[in-house]
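Data block below; observations after.
What you are looking at is a predicted structure, and each value in this text was computed from that prediction instead of being measured. To find a chain, count down the sequence lines: A is the first, B the second, and so on, and within it residues start at 1. Scope of the values below: all heavy atoms of this structure, side chains included, with no hydrogens, waters or symmetry mates.
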There are 2 protein chains.
Amino acid sequence: MTAGTHATSGPARRSDATRAAILHAARERFAADGYERATIRAIARDARIDPSMVMRYFGSKDGLFAAAVSFDLRLPDLGAVPREEAGRTLAGHFVDMWEENGELTAMLRVGATNQGGAERMQEIFRDQLLPAVRQVCPDPEQVPARAALCAAQVLGLALTRYVLRFPPAVALSREEVVAWMGPTLQRYLTAPSP
Amino acid sequence: MTAGTHATSGPARRSDATRAAILHAARERFAADGYERATIRAIARDARIDPSMVMRYFGSKDGLFAAAVSFDLRLPDLGAVPREEAGRTLAGHFVDMWEENGELTAMLRVGATNQGGAERMQEIFRDQLLPAVRQVCPDPEQVPARAALCAAQVLGLALTRYVLRFPPAVALSREEVVAWMGPTLQRYLTAPSP
DNA sequence: CTCGTTGGCCAACATTTGTTGACGAACACT
DNA sequence: AGTGTTCGTCAACAAATGTTGGCCAACGAG
């Protein structure tokens, strides 16, 4: 049990486990309830510790949120796949991303609820999606608009599927989502501007 | 005691103005803040009334929300336009709808925050969008999935544009939105299933 | 005018929220 | 051993929230 939480060779504090438990519980609660209804007390109860520990470790509820959802989309290098496959690649990547952990749902719920959450999503869009789109869209001037359209499509599907839970959206299989959404993203990325 | 609360030709109670003021303030607050942060006290203050009046008229906060956002999408009859124009028609209609009042933004914010809000959106989807899509998509079996994809695209754009406020999404003009999103909806509505 | 009904405000309630500080227990080091 | 630091709990705080009931002014029919 010599581990630091992340490889930066920390002194391996005894409380790292607790810290991780809090973060884990926080992510789940934020994803399930949104910012306001995810109370510090509930998160602390899930992590089986006292609410005051949350304050001591993360300063405030905002601090906890900031620490809980620092997110890396791990976007694939769109320059490395055939141009015509960019849309499907992106679609598949996002579905996988969304299925495998609830952090993106947390971001989405909190972004819709909370000003800070919305700003966080803007940062992710600007710092991660924009550069990726820039690799397949040659005209730099059109990159922001095209990326925004892609974001709209992807977030819209996540909204209907994981938050609003429209039954037909939930029922779609991964392959169906990719087959429908892939060409849309492809068009937003590479089709001549209409 | 002849009063109906909302009969179309009611006895014109003295309090109707107040009731309307409350509903107006409630819609604005729900749209701006979401369900939890839109407090009864703030709504009452906007309507220049005592918070207890809200309770008297609408019973509870849930009751107020239910009364405030009973929404009619006023979807156009998609059977009446040329089949190839269905997508653009739908896209334009939604942009207009969203621009002209904040109720849809309220629904979206509350749907992401509140269980009741999400169910309300499911009802709107089922009772209004599904029938409209049924008029352009011949195969009844595919209607729910296609409608869900349309909803995802439309709600996604609204999310990025009016809630998260991604700058490039905000910057798009009505015509650009229709030009980009119209063909997407058209494909979801009428293209052969991929 | 008189009196019941309606519209409105005020004060209070119980609960829940984020947040704080005091205090004890487990550990690390000499 | 002893001692200082880390980890954790308990109890309490002030503020805000939804909600309730009582009281007063204005109105309308007799």
For this session: Would you check if A:V178 and A:R174 make a side-chain contact, meaning some heavy-atom pair closer than 4.5 Å?
Result: yes
Exercise. In whole Å, what is the span from the NZ atom of A:K61 to the P atom of C:dT19?
Worked result: 8 Å
For this session: Would you classify A:S52 as touching base, sugar-phosphate or nothing, given that sugar-phosphate means primed atoms plus P, OP1 and OP2, and contacts are heavy atoms under 4.0 Å?
Result: base
Exercise. Taking CZ from B:R56 and C1' from D:dG18, how many angstroms apart are they, rounded to a whole number?
Worked result: 16 Å
For this session: Please state how far atom CG in A:L64 lies from atom C1' in C:dT17, giving the value in whole angstrom units.
Result: 15 Å
Exercise. So what does A:Y57 hit on the nucleic acid, given a heavy-atom distance under 4.0 Å: a base, only sugar-phosphate, or nothing?
Worked result: sugar-phosphate
Exercise. Would you say the side chain of A:T18 and the base of D:dC7 hold a donor-acceptor pair, judged only by whether the two atoms sit under 3.5 Å apart?
Worked result: no
Exercise. Tell me: CE of B:M53 to C1' of D:dG21, nearest whole Å?
Worked result: 14 Å
For this session: Could you check how far CZ of A:F65 sits from P of C:dG18, rounded to whole Å?
Result: 14 Å
Problem set entry | Rounded interatomic separation in angstrom, taking CZ from B:R41 and P from C:dC13 | 14 Å
Exercise. Are B:M55 and B:L64 side-chain neighbours, meaning at least one heavy-atom pair lies under 4.5 Å?
Worked result: no
Problem set entry | Proximal nucleotide (of D:dG8, D:dT19, C:dT19) relative to the A:P51 side chain | C:dT19
Exercise. Honestly, is A:R19 close enough over A:Y57, meaning NZ or CZ under 6.0 Å from the six-membered ring centre and within 45° of the axis?
Worked result: yes
Exercise. Below 4.5 Å, heavy atoms only, C-beta onward: do B:L108 and B:W98 meet side chain to side chain?
Worked result: yes
For this session: Return the value, rounded to whole Å, for the distance between atom CG of B:D50 and atom C1' of D:dG22.
Result: 13 Å
Problem set entry | Interatomic distance, B:R29 CZ vs D:dG18 P [rounded to whole Å] | 12 Å
